[in-house]
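Counting begins at 1 with the first residue of the sequence.
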Amino acid sequence: MKKLHLSAAVAVLAAALSACSGGGGGHAQGASADQLAADPVTAVRNAADITGRTGSVHAKTELTTESAEKKAVFNGTGGYDYVKRLGRLEIDVPPGAATTGRITEVVLPGTVYLQNSGAKIPEGKWVKLDVRQLPDGNLVSSGATDPASAAGALRGAQTAELVGSETVGGVELKHYKGTLDLAKAAEVTGGRGADGLRMAAQTFTVKEVPYEAWLDAQGRLHKVVETFAFAGVAGSKAPKDQVKVVSTTSLSDFGKPVEAAEPAASEIYSMKASAPAK
């Protein structure tokens, strides 16, 4: 892997023409039967499935990348439809990245569509990528961890401790801390939705990923903070070459419809079709 600066994540995507995860399925149904498990590890592991049964969620994301050289913050808004297994995020790009303005990202299991990816793509066109082409599975490289993948990672929770309760927007939330294993999360998730988690598990240098999660009385996930790390220089274990990424995903409006659609074939930019004839 070349030296990666995730503070310029758009450039990584553009150069590699790599991919993203969609992950996580669910069935739209009433969540009245769901409740927060008394055991912390069980409660955290159940959060993705319980949240998926709400049908859809709206999301805010914040992804902070920090290395010895620089720090950058990406902010996004959007949502995920668990019935269609389809999500959409609008991500604000910080100064210094290879593109400006916003990246629009549409995710579904194993695939991501990117618009304004900074790869000399015609305006209004999308690039379709496969998650298995990107070493981190798109958990961090496009400037956000999509809601399904962020929640899905909790299926791999290895430890969990209830550290307290907080009231947010009139809702009492239980606050947990612990570590998770992305490879185990991928095993439990299964299918194409696990591709991103599996790729990240192979790439990230810290295998016991620290997390914090906030769950309501039904066991639904309201907020999760996951801290990832990888070597900015392939194979290096030197502290100066390590990149720390803190991904925060906040969920709300459970069951409220989400506007997300897969781009039409005519809107997809094909690199092969656009190559000059020899």
So, the side chain of [X] versus the backbone of [Y]: is there a donor-acceptor pair under 3.5 Å, distance only?
X: Thr145; Y: Ala150; value: no
X: Thr227; Y: Val246; value: no
X: Thr205; Y: Ala229; value: yes
X: Thr159; Y: Thr179; value: yes
X: Lys125; Y: Ser266; value: yes
X: Thr51; Y: Ala48; value: no
X: His58; Y: Gly255; value: no
X: Thr104; Y: Gln115; value: no

* Asked: Side-chain donor-acceptor pair under 3.5 Å between Thr77 and Lys60, yes or no?
  -> no
* Asked: Do other residues, nucleotides or ligands put more than 12 heavy atoms under 6.0 Å from Glu208 CD?
  -> no
* Go through the structure and list residues passing ring pair (Phe, Tyr, Trp, His ring centres under 6.0 Å) with Tyr176, not counting sequence neighbours. => none
* **Single hit among Asp181, Leu139, Leu180 for side chain to side chain contact (heavy atoms under 4.5 Å, CB included) with Leu197** => Leu139
Measure the spacing between [atom1] of [X] and [atom2] of [Y] and express it to the nearest 0.5 Å.
X: Arg132; Y: Arg198; atom1: CZ; atom2: CZ; value: 9.0 Å
X: Glu161; Y: Lys177; atom1: CD; atom2: NZ; value: 8.0 Å
X: Ser141; Y: Phe74; atom1: OG; atom2: CZ; value: 10.0 Å
X: Ile50; Y: Leu36; atom1: CD1; atom2: CG; value: 7.5 Å
X: Thr65; Y: Phe228; atom1: OG1; atom2: CZ; value: 13.5 Å
X: Leu108; Y: Arg85; atom1: CG; atom2: CZ; value: 9.0 Å

Please give me the minimum heavy-atom distance between [X] and [Y], naming the atom from each residue.
X: Leu89; Y: Pro147; value: CD1-CD, 4.3 Å
X: Pro109; Y: Gly193; value: CB-N, 3.8 Å
X: Leu154; Y: Ala47; value: CD1-CB, 4.4 Å
X: Pro94; Y: Ala72; value: CG-CB, 4.1 Å
X: Arg102; Y: Asn116; value: O-ND2, 2.5 Å
X: Glu105; Y: Val107; value: OE2-CG1, 3.4 Å

Should [X] and [Y] count as side-chain neighbours, where that means a heavy-atom distance under 4.5 Å?
X: Thr61; Y: Ser247; value: no
X: Ile91; Y: Asn75; value: no
X: Tyr80; Y: Leu251; value: no

* Asked: Do Val131 and Val112 pass the side-chain contact (heavy atoms from CB on, under 4.5 Å) test, and can you show the C-alpha distance, the side-chain angles, and the key distance before you say yes or no?
  -> CA-CA 7 Å; Val131 65; Val112 62; over 6 Å; no
* **All side-chain contact (heavy atoms from CB on, under 4.5 Å) counterparts of Val171, not counting sequence neighbours** => Leu173, Asp216, His222
* **Verdict with reasoning, Phe204 to Leu182, per side-chain contact (heavy atoms from CB on, under 4.5 Å)** => CA-CA 9 Å; Phe204 292 156; Leu182 291 170; 3.6 Å; yes
Are [X] and [Y] in one and the same hydrophobic cluster, where Ile, Leu, Val, Met, Phe, Trp and Tyr link if side-chain heavy atoms are under 4.5 Å apart?
X: Tyr82; Y: Val258; value: no
X: Val140; Y: Val225; value: no
X: Leu86; Y: Ile268; value: yes
X: Phe254; Y: Val224; value: yes

* **Presence of salt bridge, Glu90 and Arg88, under 4.0 angstrom** => yes
* Hey, what's the ring geometry for His175 with Trp214, parallel, tilted or perpendicular (30° and 60° as the breaks)? -> parallel
* Apply side-chain contact (heavy atoms from CB on, under 4.5 Å) to the pair Arg45 and Val188, showing each step before the final yes or no. => CA-CA 10 Å; Arg45 288 178 177 174; Val188 177; over 6 Å; no
